[in-house]
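This report concerns only the one structure given below.
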Protein chains: 4
Amino acid sequence: MTQKIAILGASGYTGAELVRLIATHPGMEIAALAANSKAGQSMAQVFPHLRHLDLPDLVTIEEIDFAGIDLCFCALPHKTSQEVISALPRDLKIVDLSADFRLRDPDAYEKWYGNPHAAVEMQGEAVYGLTEFYRDEIAKARLVAGTGCNAATGQFVLRPLIAGKVIDLDEIILDLKCGVSGAGRSPKENLLHAELSEGYNAYAVGGTHRHLGEFDQEFSAIAGRDVRIQFTPHLMPANRGILATAYVKGEAEAVYAALANAYAKEPFIEVLPFGETPSTHHVRGSNFCHIGVVADRLPGRAIVVGALDNLTKGSSGQAIQNANLMLGLEETEGLMLAPLFP
Amino acid sequence: MTQKIAILGASGYTGAELVRLIATHPGMEIAALAANSKAGQSMAQVFPHLRHLDLPDLVTIEEIDFAGIDLCFCALPHKTSQEVISALPRDLKIVDLSADFRLRDPDAYEKWYGNPHAAVEMQGEAVYGLTEFYRDEIAKARLVAGTGCNAATGQFVLRPLIAGKVIDLDEIILDLKCGVSGAGRSPKENLLHAELSEGYNAYAVGGTHRHLGEFDQEFSAIAGRDVRIQFTPHLMPANRGILATAYVKGEAEAVYAALANAYAKEPFIEVLPFGETPSTHHVRGSNFCHIGVVADRLPGRAIVVGALDNLTKGSSGQAIQNANLMLGLEETEGLMLAPLFP
Amino acid sequence: MTQKIAILGASGYTGAELVRLIATHPGMEIAALAANSKAGQSMAQVFPHLRHLDLPDLVTIEEIDFAGIDLCFCALPHKTSQEVISALPRDLKIVDLSADFRLRDPDAYEKWYGNPHAAVEMQGEAVYGLTEFYRDEIAKARLVAGTGCNAATGQFVLRPLIAGKVIDLDEIILDLKCGVSGAGRSPKENLLHAELSEGYNAYAVGGTHRHLGEFDQEFSAIAGRDVRIQFTPHLMPANRGILATAYVKGEAEAVYAALANAYAKEPFIEVLPFGETPSTHHVRGSNFCHIGVVADRLPGRAIVVGALDNLTKGSSGQAIQNANLMLGLEETEGLMLAPLFP
Amino acid sequence: MTQKIAILGASGYTGAELVRLIATHPGMEIAALAANSKAGQSMAQVFPHLRHLDLPDLVTIEEIDFAGIDLCFCALPHKTSQEVISALPRDLKIVDLSADFRLRDPDAYEKWYGNPHAAVEMQGEAVYGLTEFYRDEIAKARLVAGTGCNAATGQFVLRPLIAGKVIDLDEIILDLKCGVSGAGRSPKENLLHAELSEGYNAYAVGGTHRHLGEFDQEFSAIAGRDVRIQFTPHLMPANRGILATAYVKGEAEAVYAALANAYAKEPFIEVLPFGETPSTHHVRGSNFCHIGVVADRLPGRAIVVGALDNLTKGSSGQAIQNANLMLGLEETEGLMLAPLFP
C-alpha cells in the first residue's frame with residue numbers, strides 16, 4: 001500500500017526534486033501537486049524533464065482535499081510556509097522544506113528572517129530535520145522542519161567534532177562553496193548564466209547568512225554553551241553541490257576518529273580514507289554526503305571537507321528520508337540512487 | 001533471483017554508467033568488474049561517486065570465471081572488443097557497447113574503422129541493439145551490438161520518416177550537437193575543460209564520422225535502396241546530451257504523425273506536442289528520448305529535433321534495456337529513473 | 001584630438017562591451033553614459049569589471065547635452081530605439097545597435113517586429129551596418145543600423161556565395177548555435193544558469209526568428225530575386241559566441257574560392273585553410289570572424305562554418321568599426337584586441 | 001623603436017597569453033617563439049585564436065639568435081627552466097614565469113620542488129617579480145622570477161596586513177579557489193571537461209601546495225620572524241580566475257585602511273568600498289586585482305577577499321608589467337585592457 005503524497009510549491013527546484021525522487025520510490029505516490037502561480041498547468045509544462053510521469057496537474061493549495069493525503073511536503077518560500085501550514089489540518093503529517101520551523105526560538109527567527117513568526121505555537125511542535133541526529137524524534141513527529149542546505153553540510157562536518165570535544169569551539173571557520181540551484185528558480189540578474197558562468201564570488205560575507213541561525217542553535221545545544229562560528233558562503237558556476245571546507249583546531253587523528261565513529265553505520269554518510277577529500281561532482285543527484293579529513297602542516301590544526309548535493313541530501317532527499325521515518329517506511333527507501341557522474 | 005553481471009571495461013564512462021544503473025536495478029547484481037589497466041584497484045578509487053556501493057574490485061578479464069555469469073557487458077574500445085569477445089565462452093550472453101558488431105558488412109566495417117574485422121563470423125550472429133526497432137531479435141540474441149550514441153539519436157528521429165515514406169530520402173540533413181562525455185575518459189588536449197568550456201565547434205565535418213556507417217546500413221535497409229544523409233556533429237561545452245536537428249523535406253503534419261504513431265506505446269520515447277522542441281537538459285541522466293517537430297516557414301519542409309543522454313539512452317541505458325530483454329526481465333526494469341534537472 | 005562619445009543604454013551587455021572596447025581606443029573618449037533605469041548610479045555599480053575606468057556616472061538621456069558629442073551609440077531595446085533616435089538632434093552621428101533601422105521596408109519591419117515603425121522617414125536614411133559590405137555608404141552616413149548578431153554571422157558565411165552564384169539559392173540551410181549573452185541582461189527563467197548550464201536546445205524553430213527579416217532583405221537584394229533560407233538557432237550553455245553551420249549545394253572548391261576572394265583583404269575576416277572549421281572559443285572577445293569550408297561526402301554539397309563573438313563582431317565591435325569610418329578614423333582602430341583563450 | 005621579444009615555451013597557456021597581450025602592446029614586437037615539442041608548426045596551428053597575427057613560426061630554443069633579442073620570456077616548466085636559462089647569454093634580460101627562481105634559499109627550493117637547484121648562483125641574482133612590492137629592484141634586474149599565481153593573489157591580500165601589523169600573524173587562513181587554466185595544457189584526467197565541469201573540490205590540502213614556499217619566504221621577510229599560514233586551494237569549474245578568501249584576526253577597519261593605503265596609487269589594484277567583495281568574473285582577461293574587506297560578526301575578525309586572473313595578473317600580465325620596467329617602458333603599457341565580461 002503506497003502512501004499518498006501532496007507537494008505544495010511544486011514549481012520550484014526542491015518541488016521538482018521531490019517529484020524526481022518519488023518517481024521511483026516504491027512506497028510513495030503523488031496524489032496532489034500545488035503551485036498557486038502555475039495552477040492549471042501540467043507538470044510537463046513547468047518541468048519538461050518530468051514529462052514521462054503520470055502526474056496530477058498543478059492546482060492551488062485550496063483545491064487539495066487533504067483527507068486522502070498521508071503526508072504533505074511543503075516547498076514554499078519562508079514566511080508563506082508558516083501561513084500555509086497554520087491553515088492545514090492539525091493531524092496532517094508535514095515535512096516543511098522552508099526556513100520557518102528550523103529555529104526553535106521566536107526571537108532568533110525574527111533576528112535572522114526579519115519578521116515576527118506567525119505560528120509560534122507550531123515552532124515548538126516542529127522537530128529539526130537533520131535525520132542522522134534527530135532520527136527518533138522525527139519518527140514520532142507530525143511536523144518536521146527541513147534544514148538549510150548549507151546548514152546541513154556544515155553540521156555533518158562539525159557536529160561530531162563539537163560533541164566529541166576534539167576541537168576548539170571558539171576557532172571554527174567554515175568556508176562554503178555552493179551551486180546556484182540553492183538560490184531557487186526566480187529570475188534574478190546575478191543568477192543568469194551570463195553573470196555566473198566562468199566566475200565565482202563570496203556572498204553574505206561577515207556572518208550575515210541566515211543559516212548561521214541554525215548553526216548557532218544546534219552547535220550551542222550540543223556544546224552546552226554558546227558557540228559562534230565564522231561562516232562565509234561562495235557562489236559557484238555550477239548547478240548543484242555544496243563543498244564545505246572547515247578549518248578547526250584539534251588533532252587531525254582525533255577529528256577523523258570522531259567523524260568515522262559518528263557515521264560508521266550511517267547509510268548516506270561516507271567518511272573517506274584519512275587524507276582524502278571529496279568533490280561535489282561525486283555526490284551529484286544523490287542523497288550521499290562525503291567527508292574527508294586532512295592534517296594541516298601547522299600542528300594541532302585540521303581541515304575537514306564535506307560534499308553533498310544541495311537539492312538532494314541538502315533538501316528534498318533529506319525531506320524524503322524524514323518522511324520515510326514518519327510513515328514507518330525503511331529510512332533509505334527510494335533514496336539509494338547513485339550519483340550522476342560525469 | 002538476480003542475474004549475475006560482468007562488466008569488461010569498467011573504468012570508462014560507459015562502464016561507470018552501467019554500474020550506476022545496475023546499482024538500483026532489482027534484477028541484476030554485479031559479479032565481476034574488469035579493467036586491465038586498473039586491475040587491483042577498487043571501483044571507489046577509479047570512480048569515487050560509486051564509493052557507497054559494495055562492488056568487487058577491478059580485475060583483469062583473464063581473472064573472471066565466466067561460469068557464474070549470466071550476462072556480460074563489454075565496454076571496451078573498438079577493435080579490442082572483437083578480440084576479447086572472440087575469446088569469451090560461446091554460450092555467454094553479451095551486450096557489446098563498442099562499434100565492433102554494429103555493421104553487418106565486413107567491408108563497411110573496414111571502410112569506417114580502418115582495419116579488417118577479426119571476428120567476421122560473429123558479425124553475422126550479432127543483433128543491432130536499437131531496442132525499439134529490433135526488440136524481438138534482441139530477446140532471442142546471444143550477442144547484441146549497442147549502437148553509436150549519435151547513431152541512436154539520428155535513427156530515433158529519422159527511422160519512422162523513412163519507413164513511412166513521408167520525406168525525400170535524398171535531402172536529409174542531420175546537424176547534431178553532443179556533450180563531451182561521448183569522447184571518453186582518455187586525456188586529450190581538445191577535451192580539457194580549458195579548451196572546451198565556453199566554446200563549441202563542428203568536428204568530423206564532411207561526412208567522415210564513423211556513425212555514418214550505421215546510418216547508411218540502417219536507412220538503406222529500411223528504404224530498400226541506398227540512402228545517404230548529410231551528417232555534421234558539433235562538440236558542446238557540456239558533459240552529457242545529444243541534440244539532433246534534422247532538416248527534412250516533407251509535410252510537417254505527416255512527419256509528426258509518423259513519429260507519434262511509431263512511438264505511441266514506447267516507454268522511453270516521448271513525442272512532444274506539435275510545434276515544441278526538446279532540450280538535452282530535460283533528459284539528462286535518464287533513458288528517455290524527447291522528440292519534437294516544427295513546420296518550417298518554407299512549404300514542404302520540417303525540422304525534427306531529438307534529445308537524449310549519450311551515456312544513458314545512447315549507450316549504457318540502452319545496453320541494460322537490451323540485457324533486460326535477453327534475460328527475460330521486464331524491458332523497463334531499473335531504467336525508469338527520472339532525468340536530473342537542473 | 002579624441003572624439004567625444006555618448007552611449008545610450010549603457011547598462012546592458014552591448015553597452016558594457018562598447019565601454020570595454022572604447023577603454024583602450026586611442027581615438028575615442030566617453031563623454032556621456034545614459035541608462036534611464038539606473039540613472040544616478042556609477043558604472044562601477046552596474047558593471048564592476050569597469051571599475052578601474054574614469055567614467056561619467058549614468059544619467060537619463062534627457063540630461064545629456066548632445067552639443068559636445070561627436071557620435072552617439074544607441075544600445076536600447078528595439079521600439080524604444082526609434083522613439084529615442086527620432087528625438088535626437090538631426091545632425092548627430094548615430095550608430096544604432098537595435099533592430100529598428102535594419103529593415104528598409106516598413107512592412108517588413110512591422111511583419112517581424114509586430115508594431116508599425118514610428119520613424120519611417122529615418123528608415124530610409126539609415127545605412128545597414130554590415131561594414132565589410134557597406135563600407136562606403138557607412139563612411140558617409142549619419143545614421144547606421146547595426147545588424148543582428150546572428151544576421152551578421154549568417155551573412156559573412158553566405159553573401160559571397162550568393163553574389164558569386166556558386167550555390168543553389170533555394171537550398172540554403174543555416175543551423176546556428178549562439179551563446180546566452182545575445183539574449184541580454186534582463187532576468188528570465190530560461191536564461192538562469194541552473195536552466196541553461198549543461199543543456200542546449202533549439203528556439204524560434206520553423207523560420208520565426210526576427211533576424212530572418214535581415215536575411216531575406218539582404219540575400220534577395222544580392223541575388224536580384226527573392227531568396228528565403230531555412231534558419232534554426234540553438235541556445236548554447238556558454239556566454240559568448242555564434243557558430244553558424246551552413247549547408248549549401250554547390251562545389252566546395254568554388255564555395256571556398258568565393259569566400260577566400262571576398263575576404264582576402266579584410267582585416268577581421270579569416271578564411272581558414274580548406275577543410276578546417278572554426279571554434280567560437282578562438283574568436284571570443286574579439287572583432288574577428290573565422291570561416292571554414294568542407295566538401296561533404298555527397299557530391300555537390302558543401303558545409304560552411306562561421307564563428308564570431310556576438311557581443312563584439314556581432315554588435316559592439318561592429319558598431320565601433322562603423323563609427324571609426326563615420327568619424328574618419330582608421331577602420332581597425334581600437335579593435336585589434338586578440339581573442340581571449342582559454 | 002619597439003623592443004624585440006622572444007618567448008620560450010610558447011605552446012602553453014602562459015605563452016599564448018603573452019602573445020595575446022603583446023599583440024596590442026605598442027612597445028614590444030615578437031621576434032622569436034620557441035616550443036621544442038612543436039617546433040616547425042605555426043602559432044595558428046597551436047593556438048588558432050592567434051591566427052590573425054603575423055608571427056614567426058615555432059622553433060627550438062637552439063635555433064634562436066639571441067643577439068637581436070631585447071628581452072626573453074621563459075614560460076617553461078620548472079626544472080627545465082633553470083637548465084635553459086643557465087645556457088642563455090648572461091647579458092640577456094629574462095622574465096622567467098616558472099617556479100625556478102622564486103625561492104631565494106636553495107634548501108627551500110629543494111624542499112618544495114623535490115630536486116636540488118641546478119643554477120644556485122643565478123638564484124641569488126633573480127629578483128622576485130611581485131611588481132607592486134619589488135618595483136625598484138625589478139627595474140634594475142637582469143633576471144626576474146615571476147611569482148606563482150596563487151602566491152600573487154595571497155600576497156596582494158595579505159602583505160599590507162603583515163607589514164602594517166594589523167593582524168595576528170599566527171592565525172592566518174587562506175582559502176583559495178582557482179580556475180583550471182592554472183594547471184596548464186597537458187592532458188590529465190582530472191582536468192577533462194567531463195571530470196571538472198559541474199564539480200569542485202579542494203586539492204593539495206594540508207599545507208602541501210608549493211606556493212607555500214613563496215608565502216613562507218615573503219611573509220617571514222616582511223614580519224622579521226617566521227610566518228606560516230594555512231593555505232587550501234580549490235579547483236573551480238571555470239577556465240580563469242583566482243578568488244582568495246583570507247580569514248584574519250584584526251580590526252576590519254584597520255585591515256581596510258592598511259590595504260587602501262598600500263594600493264592607493266597602484267594602477268592595477270582596486271580596493272573596493274568597505275563591505276564589498278569581488279568576483280573573478282570582473283577581472284577576467286585583465287591585469288587588474290580587486291580586493292574587498294568585510295568585518296565578521298565575531299569581533300576582532302575580518303574577511304579579506306581578492307580576485308585576479310591567474311593567466312594575466314597572476315602570470316603573463318605580471319611578466320609584461322615587469323618587462324616594461326626592465327626595458328624602461330611605461331609600467332602599464334599594453335596592460336590596460338578592460339576585463340571581458342560576461
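Note that the structure is predicted; figures quoted are calculated from it, not measured. Just so we're on the same page: letters track the sequence lines, and every chain starts at 1.
Within the 4.5 angstrom heavy-atom criterion, only side-chain atoms of B:Y13, from C-beta onward, approach chain A. Contacts of B:T312 with chain A are absent, with no heavy-atom separation under 4.5 Å from either backbone or side chain. Residue contact with chain A, scored on non-hydrogen atoms closer than 4.5 Å, involves the side chain of B:L311 exclusively. Only the side chain of B:F47 comes within less than 4.5 Å of a heavy atom in chain A; its backbone stays farther off. Of the two parts of B:R51, the backbone and the side chain both hold a non-hydrogen atom closer than 4.5 Å to a non-hydrogen atom of chain A. For A:F341, the parts lying under 4.5 angstrom from a heavy atom of chain B are both the backbone and the side chain.
The candidate with the highest count of non-hydrogen atom pairs below 4.5 Å against chain A, out of B:E17, B:H290, B:E276, is B:H290. Ranking B:V283, B:L53, B:V180, B:L272 against chain A, the residue ahead of the rest is B:L272, based on heavy-atom pairs under 4.5 Å.
Contact of the B:R20 side chain with the A:L337 side chain is not registered, since no non-hydrogen atoms from C-beta on lie closer than 4.5 Å. The closest side-chain heavy-atom distance from B:H281 to A:P48 is not below 4.5 Å.
Scanning both residues, A:H52 and B:M336, for their nearest heavy atoms gives NE2-O, 4.2 Å. Across all non-hydrogen atoms, the minimal contact from A:L50 to B:A338 is CD2-CB, 4.4 Å. Nearest approach of A:E198 to B:S197, heavy atoms of both residues: OE2-OG, 3.3 Å.
Ring planes of B:H49 and A:H282: parallel class, angle under 30° (limits at 30 and 60°).
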